[in-house]
Amino acid sequence: MSKKNNVLLTLSQIAIGGVITVAGSLIYFLIFKKFLWQMLIDDRIMHGFWVGLFLLISIGGTYGLIVVGVSEGIRYVGRKFGVDIPFKPVCSGAFLGAPAIVGPLELLNLLSDIAGIQNIIFVLIFPIFKALVFLLSLPVQAWLMLRLPIEILYVIAIPIGAILGYRLANIEATEVNVQET
């Protein structure tokens, strides 16, 4: 595949994945938030276990459907470009896309939370930890410096994770084949 087609394939996959992510999020908002939580449950269930269970089911089910939808959308675009993309690495990458954004954001918040702790071991390790956090969160910091909404980063994280999932799986499969011969 030519470089131009490869770039067009990647941009198309990100666009389709972003649209599917937004559509899945809107469906979650309408079905679970508006219908289930506000109309059916409302103030009837106050116990923490049941609220937590329903929340886990609603978020887990919706996230799973969004991951599968984005994976199938990326595979569909790939078929239109004549590329056969396996489901498992795409789905694995899509599943890890959003947590890959949440991690650096939480690391940024963690530094401000633990800066006041006084412990001799922590004082020795903190500068190394701070440098590591800075390097890991550099892309997210750049995004925030541009004052772009963080929601856009969440929307494109799932398709980008899916694309990285199948592209890195292809590299890994090639390395295994080279070692076998």
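Quick caveat: nothing in here was measured; it's all calculated off a predicted structure. Just the heavy atoms: all of them, side chains too, but no hydrogens, waters or symmetry mates, feed the values below.
- Two residues are said to be in side-chain contact when any heavy atoms from C-beta on lie closer than 4.5 Å; I16 and I74 fail this criterion.
- With rounding to the nearest 0.5 angstrom, the OG1 atom of T21 is 4.5 Å from the CD1 atom of I158.
- Going from atom CD1 of I20 over to atom OG of S25 covers 11.5 Å, rounded to the nearest 0.5 Å.
- In this model, a donor atom of one side chain and an acceptor atom of the other lie less than 3.5 Å apart for Y166 and Q13.
- Atom OG1 of residue T62 and atom CD1 of residue I57 lie 11.0 Å apart, to the nearest 0.5 angstrom.
- Within the model, atoms CD1 of I66 and OG of S71 stand 11.5 Å from one another, a figure rounded to the nearest 0.5 Å.
- Under the 4.5 Å side-chain heavy-atom criterion for ILVMFWY residues, a single connected hydrophobic cluster contains both I14 and L96.
- Between the W143 side chain and the I152 main chain, no donor and acceptor come within less than 3.5 Å of each other.
- There is no path of hydrophobic side-chain contacts, each under 4.5 Å, that joins V67 to V19.
- V83 and F87 end up in different hydrophobic clusters when Ile, Leu, Val, Met, Phe, Trp and Tyr side chains are linked at under 4.5 Å.
- Within 6.0 Å of OH on Y76 lie no more than 12 heavy atoms contributed by other residues, nucleotides or ligands.
- You'll find the side chain of F81 stays beyond 4.5 Å of the side chain of N6, heavy atoms only.
- Nearest heavy atom pair, residue V70 against residue P159, reads CG1-CA, 3.9 Å.
- A distance of 9.0 Å separates CG in L153 from CG in L148, rounded to the nearest 0.5 Å.
- To the nearest 0.5 Å, atom CG of residue L168 and atom CG of residue L164 are 5.5 Å apart.
- No single ILVMFWY cluster, assembled from side-chain heavy atoms under 4.5 Å apart, contains both F49 and L56.
- I160 and L8 end up in the same hydrophobic cluster when Ile, Leu, Val, Met, Phe, Trp and Tyr side chains are linked at under 4.5 Å.
- For Y28 and Y63, the ring centers are positioned 6.0 Å apart or more.
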